[in-house]
Amino acid sequence: MAKWLVKSEPSECGIDDFVEASSTVIPWDGVRNYQARNYLAQMREGDEVFLYHSSCQAIGIAGIVRVVRGAYPDPSQFDPESPYFDAKSHRDKPRWQAVDLTLVRQLPRLIPLHELKGLPGLENLPLVRKGSRLSVMPVTEDEWQLTLRLEG
DNA sequence: GCCAACGTTGGC
DNA sequence: GCCAACGTTGGC
């Protein structure tokens, strides 16, 4: 099973939304960056994902979610009413992908970004690299385990 | 294909 | 609100 990290503004979709929708599925759509899209396309059912809160009061990893449906064409790209509408994408060759996620668990405490930055072994994680804007990224097994040591 | 201008992300 | 870093756009 691969491991991943996704960023989201909690005002849009955060751990609270997953907790409220517990045992329900939340579509992860609206990713409009090619590098992030390429990683999204590699997600498989059963993969686990860190949910990271960005651009908010408490920045950091808030919980763990799981892929329940691997990549499929993001419907919002075809919806003119959607802010994620992409007029240049065509149904016979969709440009953007989405996955479905569900809650595994909320972490007992949010692991703040500054702790991740100071953690030896995470140097290669795009999240902690200055200026990185990647919103979907792979996490190695080592990085995953090291990060989880910071919880609780 | 180059690159300047512009828009967005996201921490601080 | 600021601004650095980065991605995208579009003229040439």
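Note that the coordinates shown come from a computational prediction; the quantities given were computed from them, not determined experimentally. Chain identifiers are assigned alphabetically (A, B, ...) following the order of the sequence lines, protein sequences preceding nucleic acid strands; residue numbering begins at 1 within each chain.
Atom P of nucleotide C:dT8 and atom CZ of A:Arg95 are separated by 10 Å, given to the nearest angstrom. Look at NZ on A:Lys7: it is 11 Å from P on B:dT9, rounded to the nearest Å. As rounded to whole Å, 9 Å separates atom P of B:dC12 from atom NE2 of A:His114. Computed from coordinates, the A:Tyr34 OH to C:dT9 P distance equals 7 Å when rounded to whole Å. In this entry the distance linking CG of A:Leu110 with P of B:dG11 reads 12 Å, nearest Å. Rounded to whole Å, the distance from CG on A:Asp86 to C1' on C:dG7 is 15 Å. The CE atom of A:Met137 sits 12 Å away from the C1' atom of B:dT9 (whole-angstrom rounding). A:Arg32 places its CZ atom 15 Å from the C1' atom of C:dT8, with the value rounded to the nearest Å.
Side-chain contact between A:Val67 and A:Leu101: present, with at least one pair of heavy atoms (C-beta onward) separated by less than 4.5 Å.
For A:Tyr52, a side-chain nitrogen or oxygen approaches OP1 or OP2 of B:dG11 to under 4.0 Å.
Using modelled atom types and a 3.5 Å distance limit, the side chains of A:Asp74 and A:Ser76 yield a donor-acceptor pair.
Of all nucleotides listed (B:dG10, C:dA5, B:dG11), B:dG11 comes nearest to the side chain of A:Lys117. Here C:dG7 is the nucleotide among C:dG7, B:dG11, C:dA5 with the atom lying nearest to any side-chain atom of A:Gln35. Among the nucleotides B:dC12, C:dA5, B:dG10, the one closest to any side-chain atom of A:Ser54 is B:dG10. The side chain of A:Lys88 approaches C:dT9 more closely than any other nucleotide in the set C:dG7, C:dT9, B:dG10.
Ion pair A:Arg32/A:Asp86 not flagged as a salt bridge, since none of the NZ, NE, NH1 or NH2 atoms sits closer than 4.0 Å to an Asp/Glu carboxylate oxygen.
No close placement of the A:Trp96 and A:Tyr72 rings is indicated, their centers lying 6.0 Å or farther apart.
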